[in-house]
2 protein chains.
Amino acid sequence: MSEPERLSKRNAIRLENEQRILSAAEKVFAEAGFGGATMQLIADMAGLPKANLHYYFPTKEDLYREVVRKIFNIWLHAADSFDNAPGPVEGIGAYIDAKMEISRRHADGSKVWASEVMHGAPVIQDYLETTLRDWTAGRAALIQRWIDEGKMAPVDPRHLLYMLWATTQHYADFGHQIETLNGGKPLSDKQWKAAKESVKSIILRGIGAL
Amino acid sequence: MSEPERLSKRNAIRLENEQRILSAAEKVFAEAGFGGATMQLIADMAGLPKANLHYYFPTKEDLYREVVRKIFNIWLHAADSFDNAPGPVEGIGAYIDAKMEISRRHADGSKVWASEVMHGAPVIQDYLETTLRDWTAGRAALIQRWIDEGKMAPVDPRHLLYMLWATTQHYADFGHQIETLNGGKPLSDKQWKAAKESVKSIILRGIGAL
DNA sequence: TCGCTTCCTGACCGTATGGTCAGCTTTGAG
DNA sequence: CTCAAAGCTGACCATACGGTCAGGAAGCGA
């Protein structure tokens with residue numbers, strides 16, 4: 001995060017293994033939930049002995065917390081799309097694009113995040129009350145400004161944000177359902193593009209920004 | 001389901017206990033997920049000895065399956081709002097109302113459903129491939145008809161349906177997040193009404209039906 | 001009342017899981 | 001080259017969990 005990290009063999013090994021473990025954990029937690037996931041399965045998937053997992057992450061909860069933290073940061077970063085936008089069409093449009101891309105590229109992480117929140121956010125409640133609360137207040141204010149400037153219809157900024165989160169996240173969390181309804185096949189590139197366009201056009205028109 | 005069920009004391013006891021168990025199970029599964037839920041906890045919450053649970057529902061999976069089936073039926077029933085509607089404003093509007101009400105009244109069930117789908121629908125895959133697929137095809141056709149009749153803009157019916165599911169379900173599944181962002185308090189009656197109106201107005205305007 | 005069925009439950013069991021640890025190997029600074 | 005620190009792991013442990021079962025209590029048709 002801060003230091004450039006001299007790449008000694010030790011550091012390389014550490015990074016490599018942590019990465020393998022986190023990656024495997026994300027998948028297993030997404031597929032089975034926290035309670036259903038087992039350290040043994042994560043270890044197998046990472047190609048390491050179980051005891052080695054506990055060397056890097058002392059407890060299952062520590063590992064889980066790290067996975068959640070990781071996706072939360074990706075999630076927050078998508079907010080950048082919002083900034084420096086002259087109006088809702090660019091800002092919200094870019095945000096939808098970014099979040100749809102996250103749903104596609106980080107489907108497992110998204111599921112872990114959804115699961116965590118659904119179960120009452122036992123390990124990231126503090127993030128919700130600080131970082132997320134601030135983030136939300138900031139964006140709501142920005143949306144309100146756009147409304148005041150006549151760039152969009154007077155909708156409740158909070159509910160608009162919830163709608164953005166819901167619609168984009170849905171393509172990850174309910175991906176299996178969508179896939180089933182798509183004849184059992186994952187959405188193609190073309191279909192993903194169509195999904196993005198659908199969401200954008202309905203919402204942007206819905207808030208009177210088009 | 002079929003017989004009027006003579007209400008002998010036995011039947012009464014059976015119904016009462018099954019209800020208590022299903023109700024407790026819904027809550028526990030929603031809070032902890034399938035893997036994290038324990039029969040002991042469900043038993044305690046239902047006020048019955050654990051062995052009694054296994055008398056009514058032989059395995060944890062049997063119990064879980066029943067909980068999922070129950071919410072799925074409620075979910076499907078909301079579809080009735082769609083029917084006999086002269087156009088999208090009435091049909092989709094009523095559907096949003098119905099699904100928002102489900103999110104409010106059956107938040108636990110909604111979470112269980114979401115969890116089930118998120119984890120690949122291990123126990124209700126067949127429902128997705130039959131009942132849900134048919135349901136979706138029917139509604140998509142209805143929406144297409146409305147488009148052809150010029151009652152709304154030409155949007156992709158599938159993605160519109162996904163959007164309806166996502167936005168309404170969000171208020172149940174991510175209820176904890178919304179509550180946190182609402183100062184830690186559940187949405188009031190007034191706020192729920194505002195949520196419904198926000199969703200309806202954005203979507204109906206978004207599909208050019210207003 | 002009889003006798004069969006349903007309902008109920010404490011005690012028990014096998015297993016899987018999260019986690020520990022002693023002792024090994026590898027790395028790299030001095 | 002030395003040796004302390006970091007990395008690694010097979011074997012092990014305590015616990016908690018899903019599920020079983022023998023045997024008792026309650027309901028109820030005849």
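In what follows, chains are A, B, ... by sequence order, proteins preceding strands, each numbered from 1.
You'll find that the side chain of A:Pro49 is closest to D:dT9, out of D:dG19, D:dC21, D:dT9.
Between the C1' atom of D:dA6 and the CD atom of A:Glu16 lies a distance of 17 Å, rounded to the nearest Å. Here the C1' atom of nucleotide C:dT20 and the CD atom of A:Gln40 are 15 Å apart, to the nearest Å. Protein atom CD1 of B:Ile42 is 14 Å distant from nucleotide atom C1' of D:dG19, rounded to whole Å. In this structure, CG of A:Leu63 is placed 16 Å from P of C:dT17, rounded to the nearest angstrom. Rounded to an integer number of Å, the gap from CG of A:Asn11 to P of D:dG7 is 8 Å. In this structure, A:His54 atom NE2 and C:dC21 atom C1' are separated by 13 Å, rounded to whole Å. The distance from atom CG of B:Asp62 to atom P of D:dG18 is 14 Å, rounded to the nearest whole Å. Nucleotide C:dC7 holds its C1' atom 14 Å from the CG atom of B:Leu53, rounded to whole Å.
Ring geometry, A:Tyr162 versus B:Tyr171: the interplanar angle exceeds 60°, so the pair is classed perpendicular (tilted spans 30 to 60°). A tilted orientation is assigned to the rings of A:Tyr95 and A:Phe82, their planes being inclined by 30° to 60°. Using bins of under 30°, 30° to 60° and over 60° for the plane-to-plane angle, the ring pair B:Phe72/B:Trp113 lands in the parallel bin.
In terms of modelled atom types and a separation under 3.5 Å, the side chain of B:Thr180 and the main chain of A:Leu128 share no donor-acceptor contact.
As judged by a 4.0 angstrom heavy-atom cut-off over every strand, B:Ala43 is placed among residues making no nucleic acid contact. B:Tyr56 comes within contact range of the sugar-phosphate backbone alone, with a heavy-atom separation under 4.0 Å but no base atom that close. Looking at heavy-atom distances under 4.0 Å, B:Ile13 makes contact with sugar-phosphate atoms alone, never a base.
When each of A:Ala51 and A:Phe34 is assigned the nucleotide of DNA chain C bearing its nearest heavy atom, the one mapping closer to the 5' terminus is A:Phe34. Each of B:Lys9 and B:Pro58 was matched to the nucleotide of DNA chain D holding its nearest heavy atom; the match closer to the 5' end belongs to B:Pro58.
Contact check, A:Tyr55 against D:dG7: a side-chain N or O comes under 4.0 Å of OP1 or OP2. The side chain of B:Asn52 contributes no N or O atom lying less than 4.0 Å from OP1 or OP2 of C:dG10. Checking the phosphate oxygens (OP1, OP2) of D:dC28, a side-chain nitrogen or oxygen of B:Ser8 falls inside 4.0 Å. Side-chain N/O atoms of B:Asn17 include one lying less than 4.0 angstrom from OP1 or OP2 on C:dC8.
One can find a donor-acceptor pair under 3.5 Å joining the base of C:dT5 and the side-chain atoms of B:Arg10. Contact of B:Lys50 with D:dG18 (side chain to base): a donor-acceptor pair of N or O atoms is detected under 3.5 Å.
For the residue pair A:Tyr127 / A:Arg69, a side-chain donor-acceptor distance below 3.5 Å is found, with atom types taken as modelled.
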